[in-house]
Engineer: 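First the structure, then my questions, so here it is.
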Amino acid sequence: MNIRRLRPTTALVGAAALGLTTLTACSTNAGDGRTDGKLDVVASFYPMQFLAQRIGGPAVHVSSLTKPGVEPHDLEISPRQTADLSKAGLVVYLKGLQPSVDRAIAQAEPRQVADAASYTSLEDHGTEVEGEHGHGHGEEGEAGHSDEGESGHEGHDHSGDAAADPHIWLDPVRYAQVAKGVGKALEKADPDHAATYKKNTTALVKELNTLDQDFRSGLKGRSSDTFITTHAAFGYLAERYGLRQEAISGLDPESEPSPARIRGLHTIAKKDKVNTVFFETLVSDRTARTLAGDLHMRTDVLDPIEGIGSTSKGDDYIQVMRANLNALRKALGAK
């Protein structure tokens, strides 16, 4: 029998190629929710991405389902993104904000999920749009001082509360609670870097505490409590600091206000001496500018920080929140 032997050089090349293939497969994605040794974290939209990046640091690889400049409420998930969810080591999202994300997560069944809504309490601010003017309780606890939500809020189920306002990240206190929850989720998903996640969570919560205090002190001595904005994204912020949000639209930024709502805003603006109508960066400013023109008022940006883009007044959540504080101080006549 004439058996052809493989030459040593060829054998070495073949073995090297096989080893390289194996190494490449491991370094790319070993099917364990990691890429190149880093935990793969998929965030639903920017506020969740910010938390994952700040708390995860260099130990994680973070991608966002919502690209910069895209209005997150209208996001539609692609099959590729659904596949990414199934391979991720952790998915960080806010249940109830993006229906397509909720459906995709149910379909993909990721290894672990962190639902921001389960780490704090959600409330209904929708009635404020109809003109009920319950003033907020501005002296509620400082950011990070409430331990509510740290254990994961297993007992909280907001899925049936269609009226719940999802914009919790615009209140630094609630956002700090969510940060703690995301930190614990990262520790569970990647115990080897638990110390890093604890340290980064503590640092971020401290920064949010400072932001909360700056809002409290920065809004003192104001001449008005009322502000008019495009959609009802600022209910938690208004409640935290004793302000009164009057939104042109409801929780849905694309909804059209009724003629009665516009007439009501004319009355409110004159009665409360409102001088500014706020618009946003990711939705049309047409109605806000029309209202401001009719009332001979100025316009400015109050950013709900649903995404960071070229028109954002800052490079990250903290910077844009400080820009929002400055805009509110000017509009409300804070000293």
Side-chain angles (χ1 to χ4, degrees), residues 17-119 152-154 157-159 166 168-169 178-179 181-194 196-197 200 254 282 305-309 316-317:
L18 179 60
L20 182 60
T21 302
T22 304
L23 179 61
T24 302
C26 291
S27 64
T28 301
N29 192 317
D32 61 352
R34 285 173 166 73
T35 298
D36 295 330
K38 296 183 178 183
L39 183 72
D40 282 321
V41 180
V42 176
S44 57
F45 74 127
Y46 176 72
M48 303 299 104
Q49 177 186 356
F50 175 78
L51 292 181
Q53 289 174 330
R54 286 292 301 270
I55 297 171
V60 301
H61 174 266
V62 182
S63 61
S64 178
L65 296 174
T66 308
K67 304 305 178 187
V70 174
E71 212 292 315
H73 296 80
D74 299 328
L75 178 69
E76 290 299 329
I77 299 296
S78 68
R80 172 66 180 273
Q81 288 175 313
T82 301
D84 289 342
L85 289 171
S86 67
K87 294 184 291 186
L90 177 67
V91 175
V92 184
Y93 79 118
L94 176 53
K95 187 175 183 179
L97 179 75
Q98 298 169 289
S100 66
V101 173
D102 295 349
R103 291 191 297 268
I105 288 174
Q107 178 183 346
E109 297 182 340
R111 288 173 177 80
Q112 294 196 47
V113 298
D115 172 16
S118 71
Y119 302 129
H153 271 224
E154 290 86 350
D157 180 8
H158 307 286
S159 58
I168 49 178
W169 64 92
V178 175
V182 171
K184 290 185 180 298
L186 282 165
E187 292 174 34
K188 182 179 179 181
D190 183 19
D192 290 345
H193 294 96
T196 296
Y197 302 141
N200 291 347
E254 302 298 335
L282 296 181
I305 324 181
E306 294 175 343
I308 297 290
D316 65 16
Y317 169 87

Engineer: Let's go through H73 and L97 carefully: what are the C-alpha distance in whole Å and the side-chain angles of both, what is the deciding distance for side chain to side chain contact (heavy atoms under 4.5 Å, CB included) to 0.1 Å, and is it a yes or a no?
Structural biologist: CA-CA 6 Å; H73 296 80; L97 179 75; 3.6 Å; yes
Engineer: What pair of heavy atoms forms the shortest contact from I168 to A116, and how long is it?
Structural biologist: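 Result for this residue pair: CD1-O, 3.9 Å.
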Engineer: Out of curiosity, D316 CG to Q53 CD, how far, rounded to the nearest 0.5 Å?
Structural biologist: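 D316 CG to Q53 CD: 10.0 Å, rounded to 0.5 Å.
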Engineer: With sequence neighbours excluded, tell me which residues meet side chain to side chain contact (heavy atoms under 4.5 Å, CB included) with V70.
Structural biologist: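 If we apply the side chain to side chain contact (heavy atoms under 4.5 Å, CB included) test to V70, skipping adjacent residues, the hits are T66, K67.
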Engineer: Would you call the rings of F45 and W169 parallel, tilted or perpendicular if under 30° counts as parallel and over 60° as perpendicular?
Structural biologist: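 Rings of F45 and W169: perpendicular, as their planes differ by over 60°.
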Engineer: So which of V41, D115, V92 actually passes side chain to side chain contact (heavy atoms under 4.5 Å, CB included) with V182?
Structural biologist: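 Going through V41, D115, V92 one by one, the side chain to side chain contact (heavy atoms under 4.5 Å, CB included) with V182 is satisfied by V92 alone.
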Engineer: Distance from I55 atom CD1 to T196 atom OG1, nearest 0.5 Å?
Structural biologist: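 Going from CD1 on I55 over to OG1 on T196, the span is 12.5 Å.
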Engineer: Could you tell me which non-hydrogen atom of A52 sits nearest to which non-hydrogen atom of V60, and how far apart they are?
Structural biologist: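 Heavy-atom minimum between the residues: O-CG2, 3.9 Å.
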Engineer: Out of D40, D192, D190, which residue meets the salt bridge (charged side-chain N to carboxylate O under 4.0 Å, His left out) rule with R34?
Structural biologist: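 In the set D40, D192, D190, the residue that makes a salt bridge (charged side-chain N to carboxylate O under 4.0 Å, His left out) with R34 is D190.
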Engineer: Any chance you could measure E187, atom CD, to H193, atom NE2, to the nearest 0.5 Å?
Structural biologist: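 Interatomic distance, E187 CD to H193 NE2, rounded to 0.5 Å: 12.5 Å.
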Engineer: Show your reasoning for whether side chain to side chain contact (heavy atoms under 4.5 Å, CB included) applies to D102 and Y93.
Structural biologist: CA-CA 9 Å; D102 295 349; Y93 79 118; 3.4 Å; yes
Engineer: If you look at every heavy atom in A108 and L85, which pair is closest and at what distance?
Structural biologist: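 The answer is CB-CB, 3.7 Å.
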Engineer: Could you tell me which non-hydrogen atom of G183 sits nearest to which non-hydrogen atom of Y197, and how far apart they are?
Structural biologist: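 Closest heavy-atom pair between G183 and Y197: O-CB, 4.2 Å.
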Engineer: For side chain to side chain contact (heavy atoms under 4.5 Å, CB included), just list the numbers for L65 and V42, CA-CA rounded to whole Å, side-chain angles, deciding distance to a tenth of an Å, and then say yes or no.
Structural biologist: CA-CA 7 Å; L65 296 174; V42 176; 3.7 Å; yes
Engineer: Give the minimum heavy-atom separation between H61 and K38, together with the two atoms involved.
Structural biologist: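 In terms of heavy atoms, the two residues are closest at N-CB, 4.1 Å.
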Engineer: Checking E306 side chain against P72 main chain: does a donor-acceptor pair fall under 3.5 Å?
Structural biologist: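 It does not hold such a pair.
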Engineer: Taking all non-hydrogen atoms of both residues into account, name the closest pair between I77 and A104 and its distance.
Structural biologist: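 In this case the closest contact between I77 and A104 is CG2-CB, 3.9 Å.
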Engineer: To the nearest 0.5 Å, what is the distance between NZ (K188) and CZ (R111)?
Structural biologist: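 The NZ atom of K188 sits 14.0 Å away from the CZ atom of R111.
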Engineer: If you measure from OG on S86 to CD1 on I105, what distance do you get to the nearest 0.5 Å?
Structural biologist: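 So the gap between those two atoms works out to 12.0 Å.
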Engineer: If only atom types and distance count, is the side chain of Q49 paired as donor or acceptor with the main-chain N or O of A43 below 3.5 Å?
Structural biologist: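 No.
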